[in-house]
Amino acid sequence: KTAVVTGGASGIGAATARRLTAEGARVAICDLDMERALQVASEVGGEAFQMDVTDGGSVRDAVSAAEEALGGATVLVNNAGTDEFGFFTYTTPEQWQRVIAINLVGVLNCTHAALPAMQQAGYGRILSISSEAGRVGSKGSAVYSAAKGGIVAFMKAIARENARYGITANSIAPGPIETPLLMGAKEFGEIGEKVIETMKSATQLGRLGQPEEVAAAAAFLVSDDATYITGETLGVSGGL
Ligand code: NAD
C-alpha cells in the first residue's frame, strides 16, 4: 500500500510513518518542514514531499507527486496540526483562522485530494488525528477543540459517503502525547505548563503518551484488520 502521512516530519506523524514503513507500506512523508521531512524519510525509508495542508494547490501537487513516485495512495493519515494556547477571551480572529486552517481545512484539503484515487481503486483508508479536546473541550484551546470536534464529524460524514467505494474513515483522539507540539506549550508560559500538568494528571495511567502508542493504533485502523470499522473515533489517551 501507499500511504500519505501529513505532518510526517515530527511527533505522531513521524512515528506513524516509521510504523507503516516497517509494516511494508510505501510512505509519503508530507510536511511544511522539508528539511525535517527529508531527515525522517531517510531514517524510515519513505519519501519526503513538501506540503502546506492549508493550501489546496500545494496539497494537490504533493499528492500527485507522491502518486507518481509511489503509486496511487490508498491510505491517508491526516495528522498535520498545531495549537496556539491561550484563553479564548484573549485570542484574536487571526489566531482562530490559523488554527482552523491547519487543523480543519487542512483535513478537508487532503481528503479532497486523496479520495479520487481511492474511489478509483475501490479501496481506501482515511484516518484523521483529532484530539480528546475535540470530544470534551480543552481549557486554553477552545478554537483547537472546535476544529478537532469538526474533524470527528467530518470523518463520520466521509465514512457514510464513501462506504460504497470500500473506503473507511475514522479518527483517533489522542490524549497528551510527548511531542514537540505538546512540550512547546511551555512557550506560552504558565497556561501552557498548566495544560500539560492538568492533562497528565487527568489520565488514568498518570503519564504522557508516546508517539509510538498513537502510531500503533493508527497502523491498526488503516490495516486490513480494521475492515469493519468506519466512522469511529478511538481514544488513545491513557483513560483521559
Ligand atoms: P508536532 O508539532 O510534533 O508535529 C506536527 C507536524 O505538522 C510538524 O512536522 C509540522 O511541521 C507539521 N505541520 C504544521 N503545519 C503544517 C502545514 N500547514 N502543512 C503541513 N505540515 C504542517 O505535533 P504532534 O504532537 O505530533 O501532533 C500531530 C497531530 O496530533 C496534530 O494534529 C495534533 O493536533 C494531534 N494531537 C497531538 C496531541 C499531543 O499531545 N501531542 C494530542 C492530541 C492531538
Side-chain angles (χ1 to χ4, degrees), residues 4-19 28-41 48-59 61-63 66 76-85 97-110 113 127-138 140-141 143-152 155 171-187 192 195-200 202-203 207-215 217-218 233-238 240:
V4 167
V5 179
T6 71
S10 175
I12 293 168
T16 302
R18 185 170 293 115
R19 177 73 188 242
I29 294 155
C30 300
D31 207 286
L32 200 54
D33 185 339
M34 194 55 181
E35 206 178 308
R36 280 223 312 266
L38 282 164
Q39 207 176 314
V40 172
F49 298 89
Q50 173 96 47
M51 178 193 279
D52 178 355
V53 296
T54 67
D55 174 351
S58 159
V59 168
D61 288 350
V63 168
L76 168 66
V77 182
N78 285 313
N79 164 79
T82 193
D83 194 8
E84 299 188 22
F85 295 93
Q97 296 292 348
R98 280 199 299 272
V99 170
I100 289 172
I102 296 174
N103 291 289
L104 183 57
V105 179
V107 172
L108 310 187
N109 282 332
C110 296
L127 174 67
S128 295
I129 307 301
S130 173
S131 169
E132 288 291 9
R135 303 207 284 185
V136 300
S138 184
S141 294
V143 180
Y144 175 82
S145 302
K148 292 298 192 183
I151 289 177
V152 167
M155 282 295 100
S171 303
I172 285 180
I177 310 298
E178 198 169 351
T179 68
L181 172 63
L182 183 69
M183 302 330 273
K186 290 181 178 169
E187 286 167 23
V195 166
I196 298 174
E197 271 319 303
T198 308
M199 286 179 83
K200 188 170 152 183
T203 68
R207 65 171 175 86
L208 300 179
Q210 294 304 309
E212 292 72 23
E213 295 179 290
V214 181
T233 306
L234 176 63
V236 181
S237 56
L240 184 105

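Worth saying up front: this structure is predicted, and the values here are computed from it rather than measured. Counting starts at 1 for both ligands and their atoms, in listed order. Positions are given from 1, in the same order as the sequence printed here.
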> Donor-acceptor check, side chain of Thr233 to backbone of Ile172, threshold 3.5 angstrom: yes or no?
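Such a contact is absent between Thr233 side chain and Ile172 backbone.
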> Which atoms of ligand 1 are found less than 4.0 Å from any heavy atom of Ile129?
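The atoms of ligand 1 under 4.0 Å from a heavy atom of Ile129 are 29 (C), 30 (O), 32 (O), 35 (C).
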> Between Asp33 and ligand 1, is there a nitrogen or oxygen pair with a distance under 3.5 Å?
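Among all N and O atoms of Asp33, none is under 3.5 Å from an N or O of ligand 1.
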> Treating Ser130 as the side-chain partner and Lys148 as the backbone partner, does any N or O pair qualify as donor plus acceptor under 3.5 Å?
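Yes; judged by distance alone, with no hydrogens or angles, the pair exists.
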> Numbering the atoms of ligand 1 from 1, which are under 4.0 Å from a heavy atom of Gly11?
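Here the atoms of ligand 1 in question are 3 (O), 26 (O).
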> Does any N/O atom on Ile12 come nearer than 3.5 Å to any N/O atom on ligand 1?
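Indeed, backbone or side chain, Ile12 has an N or O that close.
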> As an exercise, identify every atom of ligand 1 less than 4.0 angstrom from a heavy atom of Pro180.
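This gives 3 (O) as the contact atoms.
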> Answer yes if the side chains of Ser128 and Asn78 hold a donor-acceptor pair under 3.5 Å, and no otherwise.
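Yes, Asn78 and Ser128 have a side-chain donor paired with an acceptor closer than 3.5 Å.
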> N/O to N/O below 3.5 Å, does that happen between Val53 and ligand 1?
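N/O-N/O distance below 3.5 Å exists for this pair.
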> Counting only nitrogen or oxygen atoms and a 3.5 angstrom limit, does Asn79 reach ligand 1?
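Between Asn79 and ligand 1, an N or O pair is found under 3.5 Å apart.
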> Is there at least one pair of N or O atoms, one from Asp52 and one from ligand 1, spaced under 3.5 Å apart?
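Indeed, backbone or side chain, Asp52 has an N or O that close.
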> Which part of Met51 is near ligand 1, with near meaning a heavy atom under 4.0 Å away: side chain, backbone, both or neither?
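Within the 4.0 Å criterion, Met51 contacts ligand 1 through backbone atoms alone.
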> For ligand 1 and Tyr144, I'd like to know whether there is a polar contact (N/O to N/O, distance under 3.5 Å).
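Yes - when backbone and side-chain N and O of Tyr144 are compared with those of ligand 1, one distance drops under 3.5 Å.
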